[in-house]
Amino acid sequence: MAALAAAPTQPTETGAPAMTLVTPAAADTAAAAPTPSRMLTGDRPTGRLHLGHYFGTLHNRVRLQDAGVETFLIIADYQVLTDRDVAEHLAEHVEDLVLDYLAAGIDPARTTVFTHSAVPALNQLLLPFLSLVSVAELQRNPTVKDEIAHSRQSTVSGLMFTYPAHQAADILFCKADVVPVGQDQLPHLEVTRTIARRFNDRYGRVFPEPEALLSAAPLVLGTDGTKMSKSRGNAIALSATADETAKLIRRATTDADRTITYDPDRRPGVSGLLLLAAHCLGRAPEDIAAEIGDAGAARLKALVTEVVNEHFAPLRARRADLARDRAYLHGILREGNARANEIADRTLREVRTAMGMDYGV
Ligand code: ATP
Ligand code: MG
């Protein structure tokens with residue numbers, strides 16, 4: 001399969017990929033790509049999904065699902081522990097993710113939603129996969145470096161270092177060939193591809209080499225002008241109320257220059273806000289900036305608040321409806337976990353056979 005997106009490679013001070021803001025005017029990389037057959041992607045249950053998730057990957061997930069691609073969404077609960085001692089409020093965060101998915105258009109009849117900890121055979125793939133990467137490769141992974149830089153822990157756990165190999169297990173257990181992700185995940189995906197290639201070379205072909213799928217918004221900025229993240233206090237949740245949204249945007253970082261211009265390198269705060277409006281309106285951020293001109297940051301913030309609230313009102317209403325039926329959410333997870341287990345058991349059997357470990361199976 002042809003590459004679906006180019007990976008930006010300039011390193012930042014943390015070694016993470018340089019920020020590349022792609023505007024809605026830029027072609028969405030999904031559009032021209034050949035149709036893949038199986039998609040896997042997911043989220044850590046560390047809080048509610050935000051606008052970065054929506055424009056960064058969720059929208060693409062729904063689009064591929066609707067185009068007939070078999071879809072898997074993993075709720076990566078073990079991976080919460082990569083950067084903190086204790087995974088708090090897990091059950092609540094897991095329910096929140098399922099609600100966010102459904103409200104955004106994920107259909108459980110066509111998409112398998114499951115939690116990573118409920119699929120033992122998936123986690124067992126980590127062991128052979130770890131044998132296929134060197135410690136040095138894990139140490140220089142830019143995503144790992146960036147996540148360590150933002151970690152809540154004073155030391156780095158083994159789970160943090162093995163995160164990319166674990167993610168390879170998440171993706172390869174179901175033999176996904178496409179993974180819609182934000183830009184921060186590209187180095188992890190490269191590890192998955194390397195592991196798939198090395199496994200196939202060493203033991204015979206079992207796995208596809210999955211492609212990353214970047215959307216037109218691979219790096220949505222938060223209210224402080226850095227990557228919008230659940231864990232960094234800079235996010236606007238999909239489920240925020242109109243008032244909460246207004247308050248968060250009012251507090252967003254801008255700068256002293258009254259004239260609004262789109263300049264991501266020098267003005268990340270203003271440019272991040274312009275991009276939010278641009279993604280909601282499907283317009284170029286430069287045009288929105290030109291319209292605001294000398295009216296300043298207050299006008300920009302009022303516009304962003306208005307368009308975000310308008311764009312997400314239907315999703316928020318659906319989410320509120322769905323939240324009334326928790327039993328339905330649990331049923332989706334039960335069925336998703338059962339299906340993920342069937343597939344993971346099958347893949348693990350294949351892996352053991354390929355590795356000559358099929359005695360007693
Ligand atoms: P945390 O702060 O807990 O790491 P997060 O906001 O980074 O949370 P993840 O669960 O780590 O969210 O990421 C889930 C998916 O969403 C990944 O594919 C990631 O690349 C994508 N994503 C996260 N934040 C953004 C963003 N600001 N812009 C575009 N994509 C994003
Ligand atoms: Mg993250």
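Whatever order the structure lists them in is the order used to number ligands and atoms, beginning at 1. Computation of the quantities below employed the complete heavy-atom set of this structure, encompassing side-chain atoms and omitting hydrogens, waters and symmetry-equivalent molecules. Since the model is a prediction, treat every value here as computed from it, not as a measurement.
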Considering heavy atoms of the protein only, find what lies nearest to [atom] and give residue, atom and distance to 0.1 Å.
atom: atom 10 (O) of ligand 1; answer: Lys230 NZ, 2.6 Å
atom: atom 28 (N) of ligand 1; answer: Val220 N, 2.9 Å
atom: atom 4 (O) of ligand 1; answer: Arg44 NH2, 3.1 Å
atom: atom 31 (C) of ligand 1; answer: Gly52 O, 3.9 Å
atom: atom 14 (C) of ligand 1; answer: Asp43 OD1, 3.1 Å

Fill in: Option of least heavy-atom distance to atom 20 (O) of ligand 1 (set: Leu214, Thr41, Asp184, Val181)
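Of the listed residues, Asp184 has the closest heavy atom.
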
Worksheet item: Any idea which of Arg232, His53, Lys227, His188 brings a heavy atom closest to atom 24 (N) of ligand 1?
Response: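 Shortest heavy-atom distance from atom 24 (N) of ligand 1: Lys227.
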
With heavy atoms only and a cut-off of under 4.0 Å, state how [X] meets ligand 1: side chain, backbone, both or neither.
X: Thr46; answer: side chain
X: Pro218; answer: backbone
X: Ala217; answer: backbone

Item to complete: Report yes or no: does His150 have a heavy atom closer than 4.0 Å to ligand 1?
Response: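 Not so, His150 does not reach ligand 1.
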
Item to complete: For the residue pair Ile332 and Tyr101, establish whether any side-chain heavy-atom pair is separated by less than 4.5 Å.
Response: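 No, every pair of side-chain atoms sits at 4.5 Å or beyond.
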
Worksheet entry | Side-chain touch Arg197/Phe199, heavy atoms, less than 4.5 angstrom |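 Sidechains of Phe199 and Arg197: no contact.
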
Discussion item. So for ligand 1, is Gly182 a polar contact partner (N or O within less than 3.5 Å, distance only)?
Written reply: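 Between Gly182 and ligand 1 (N or O atoms, distance only) the closest approach is under 3.5 Å.
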
Discussion item. What I want to know is whether Gln185 and ligand 1 share at least one N or O pair that is separated by under 3.5 angstrom.
Written reply: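 No, since none of the N or O atoms of Gln185 sits under 3.5 Å from an N or O of ligand 1.
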
Within a distance under 4.0 Å of any heavy atom of [X], pick out the atoms of ligand 1 and give their elements.
X: Thr57; value: 16 (O), 18 (O), 21 (C)
X: Ser231; value: 1 (P), 2 (O), 3 (O)
X: Gly42; value: 14 (C), 15 (C)
X: Gly56; value: 29 (C), 30 (N)

Fill in: Sequence neighbours excluded, every pair satisfying ring-ring contact (aromatic ring centres under 6.0 Å, His included) that has a member inside residues 218-250
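Matches after skipping sequence neighbours: none remain.
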
Any luck finding a side-chain donor-acceptor pair between [X] and [Y] under 3.5 Å?
X: Thr253; Y: Asp224; answer: no
X: Arg110; Y: Thr71; answer: no
X: Gln79; Y: Gln167; answer: no
X: Gln153; Y: Asp85; answer: yes

In terms of side-chain geometry, is the basic nitrogen of [X] or [Y] positioned less than 4.0 Å from the acidic oxygen of its partner?
X: Asp100; Y: Arg48; value: no
X: Asp255; Y: Arg267; value: yes
X: Glu147; Y: Arg232; value: no

Practice prompt. Could you check Arg198, Arg193, Lys175 and say which one makes a salt bridge (Lys or Arg N to Asp or Glu O under 4.0 Å) with Glu209?
Written response: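 For Glu209, the salt bridge (Lys or Arg N to Asp or Glu O under 4.0 Å) check succeeds only for Arg193.
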
